[in-house]
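Just the heavy atoms: all of them, side chains too, but no hydrogens, waters or symmetry mates, feed the values below. Protein chains get the first letters and strands the later ones, always in sequence-line order, with residue 1 at the start of each.
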4 protein chains.
Amino acid sequence: MTDVGGISSGQLRSFIDRIERLEEEKSAIAEQIRDVYGEAKGYGYDVKVIRKVIGLRKMEPHDRHEQEELLDVYMHALGMAPASDSEEEKAVA
Amino acid sequence: MTDVGGISSGQLRSFIDRIERLEEEKSAIAEQIRDVYGEAKGYGYDVKVIRKVIGLRKMEPHDRHEQEELLDVYMHALGMAPASDSEEEKAVA
Amino acid sequence: MTDVGGISSGQLRSFIDRIERLEEEKSAIAEQIRDVYGEAKGYGYDVKVIRKVIGLRKMEPHDRHEQEELLDVYMHALGMAPASDSEEEKAVA
Amino acid sequence: MTDVGGISSGQLRSFIDRIERLEEEKSAIAEQIRDVYGEAKGYGYDVKVIRKVIGLRKMEPHDRHEQEELLDVYMHALGMAPASDSEEEKAVA
DNA sequence: ACACAAAGTTCGCGTC
DNA sequence: GACGCGAACTTTGTGT
């Protein structure tokens with residue numbers, strides 16, 4: 001019932017409700033994630049580094065490698081040492 | 001036990017596992033949201049408009065609050081204390 | 001000339017220099033803004049309120065536009081074409 | 001003149017004008033930066049990598065090294081290969 | 001491939 | 001002086 005201009009307003013409302021419900025769940029999960037990071041921080045862990053680790057685990061090895069290579073190319077082109085300028089000062093083009 | 005580099009690798013792994021688990025759940029929810037949008041689209045609804053409606057529903061309470069604050073802001077700008085003059089007795093010409 | 005790894009190192013360096021130069025200018029402006037706020041604070045003004053006023057002045061035109069869109073949105077939701085019924089004749093129940 | 005409740009509205013307006021003027025300048029600079037990135041992109045450069053290079057140049061070498069070391073520690077603790085698993089499979093602790 | 005929108009990250013601020 | 005909060009900016013993903 002209550003169709004307006006060819007659209008079932010009830011159906012539309014249903015879709016909107018479902019989406020809003022799911023958005024709430026998503027927010028709740030996000031909050032839990034923040035809590036875990038906070039807990040880890042409380043134990044002395046470096047949150048930023050943990051994020052980095054997780055990001056690396058999520059990334060495809062191929063893509064990661066590609067980005068790093070391109071970065072090296074640019075760094076070389078600028079005459080800058082590679083990202084990790086700790087123990088690789090052996091080869092310069 | 002099994003400490004590496006001064007940290008408990010088991011504890012670190014636990015944190016990371018928990019986060020990754022939650023991230024998966026979050027992604028699953030996000031996917032469900034996308035599915036609902038897709039379903040609505042299948043019924044002929046305009047997804048963009050639905051997003052807009054949801055966005056507006058989320059913002060309306062906020063905007064109303066903004067309006068209330070606006071009143072206070074201008075009260076302040078005029079040097080008149082708001083209804084609750086708690087901690088702003090610092091303005092001087 | 002001076003190509004390294006297939007790219008013109010001179011051109012790349014030029015882009016980076018330009019960006020870094022602009023970033024410095026941007027930071028300088030940001031610092032000036034902070035200084036003005038500090039000066040206002042020194043005269044007894046409530047910085048938070050000034051920020052709020054500026055934010056509101058920036059948002060007001062936007063909000064008016066939002067209101068207009070809102071009308072269209074609800075028109076859509078009701079299945080009524082907006083003033084300009086250009087490309088939305090796809091909604092079906 | 002036109003003081004209201006102990007505040008010079010003229011002075012307040014002056015502060016606001018100055019800030020808004022500076023904000024405009026800042027936005028203009030930001031736009032120019034975007035333009036340069038766009039131009040570089042048009043020449044085939046990878047914008048994301050350029051951003052990374054600039055970020056690295058901005059970062060203190062000491063801090064960068066520290067972050068990388070900690071990352072390695074965590075990676076080791078998890079039994080994962082170091083970030084750049086390309087040509088350093090020579091030293092393992 | 002672009003543009004918009006959402007998320008994450010960082011910086012400045014007030015607080016304890 | 002450190003911590004947490006809040007806003008601003010940057011970045012990533014998604015939809016067109």
Side-chain angles (χ1 to χ4, degrees), chain A residues 19 22-23 26-27 29-31 33-38 41-42 44 46-52 54-55 58-60 63 67, chain B residues 19 22-23 26-27 29-38 40-41 45-56 58-59 62 65-66 69 86-88 90, chain C residues 19 22-23 26-27 29-38 40-41 46-56 58-59 62 65-66 69 87-88 90, chain D residues 19 22-23 26-27 29-31 33-35 37-38 41-42 44-56 58-60 63 67:
Chain A
I19 291 166
L22 289 166
E23 295 269 14
K26 196 170 73 141
S27 296
I29 304 281
E31 189 186 342
I33 292 172
R34 279 195 303 275
D35 288 347
V36 176
Y37 277 116
K41 183 177 184 177
D46 187 316
V47 170
K48 191 173 175 180
V49 173
I50 293 181
R51 285 184 188 278
K52 187 124 196 164
I54 289 174
K58 186 162 45 184
M59 198 181 289
E60 291 286 341
D63 292 347
Q67 289 288 314
Chain B
I19 291 166
L22 289 166
E23 295 268 13
K26 196 170 72 141
S27 295
I29 304 281
E31 190 187 342
Q32 290 179 51
I33 292 171
R34 264 182 269 116
D35 288 348
V36 176
Y37 276 116
K41 185 176 185 176
Y45 291 98
D46 188 318
V47 170
K48 192 173 176 180
V49 173
I50 295 181
R51 283 185 188 279
K52 194 98 200 169
V53 169
I54 288 174
L56 288 168
K58 189 159 43 183
M59 278 188 182
H62 178 259
H65 191 235
E66 285 283 297
E69 282 188 16
S86 49
E87 54 204 353
E88 282 87 341
K90 46 195 170 188
Chain C
I19 291 166
L22 289 166
E23 295 268 14
K26 197 171 73 138
S27 295
I29 303 282
E31 191 187 340
Q32 290 179 50
I33 292 171
R34 264 183 271 117
D35 288 348
V36 176
Y37 276 116
K41 185 176 184 176
D46 187 318
V47 170
K48 192 173 177 181
V49 172
I50 294 180
R51 283 187 190 277
K52 195 96 201 168
V53 170
I54 288 173
L56 288 167
K58 188 160 44 184
M59 277 187 182
H62 178 258
H65 190 238
E66 284 286 295
E69 282 187 16
E87 53 202 354
E88 281 87 341
K90 46 195 171 188
Chain D
I19 291 166
L22 289 166
E23 296 268 14
K26 196 170 71 139
S27 295
I29 304 281
E31 190 187 342
I33 292 172
R34 279 195 302 275
D35 289 347
Y37 276 116
K41 185 177 184 176
Y45 292 96
D46 187 316
V47 170
K48 191 173 175 180
V49 174
I50 292 181
R51 285 185 189 278
K52 187 124 196 163
V53 170
I54 288 174
L56 288 171
K58 191 159 42 185
M59 196 182 289
E60 291 287 341
D63 292 347
Q67 289 289 313

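- Atom CE in D:Met59 sits 7.0 Å away from atom CD in D:Gln67 (nearest 0.5 Å).
- The distance from atom CD1 of B:Ile29 to atom C1' of F:dG13 is 18 Å, rounded to the nearest whole Å.
- Rounding to whole angstrom units, NZ of residue A:Lys48 and C1' of F:dT11 are separated by 14 Å.
- Side-chain contact check for A:Lys52 versus A:Lys48: every heavy-atom pair is 4.5 Å or farther apart.
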Every protein N/O lying under 3.5 Å from an N/O of nucleotides 5-8 of chain F:
none

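- Atom pair A:Ile33:CD1 and E:dT9:C1' shows a separation of 15 Å (rounding to whole Å applied).
- Side-chain contact between B:Leu22 and B:Lys26 is absent, with no heavy atoms from C-beta onward closer than 4.5 Å.
- The nearest heavy atom of DNA chain F to A:Lys41 and to B:Lys41 marks one nucleotide each, and the one closer to the 5' end goes with A:Lys41.
- Residue D:Glu31 contributes atom CD, which lies 14 Å from atom P of F:dT10 at whole-angstrom precision.
- One interatomic measurement links the two molecules: CG of B:Leu56 to C1' of E:dA5, which rounds to 14 Å at whole-angstrom precision.
- E:dA5 atom P lies 12 Å from atom OH of B:Tyr37, rounded to whole Å.
- When side chains are defined from C-beta on, C:Ile50 does not count as touching C:Asp46, because their heavy atoms never get closer than 4.5 Å.
- Whole-Å rounding puts the D:Asp46 CG to F:dT12 P distance at 11 Å.
- Note that CD1 of A:Ile54 is 8.5 Å distant from CD1 of A:Ile33, once rounded to the nearest 0.5 Å.
- Listed by chain and number, the residues in a ring pair (Phe, Tyr, Trp, His ring centres under 6.0 Å) with D:Tyr45 are C:Phe15 (sequence neighbours excluded).
- For C:Arg34, taking side-chain heavy atoms from C-beta onward, the closest of the listed nucleotides E:dG14, F:dT10, E:dG12 is E:dG12.
- Following rounding to the nearest Å, C:Glu23 (CD) and E:dC11 (P) show an atom-to-atom distance of 12 Å.
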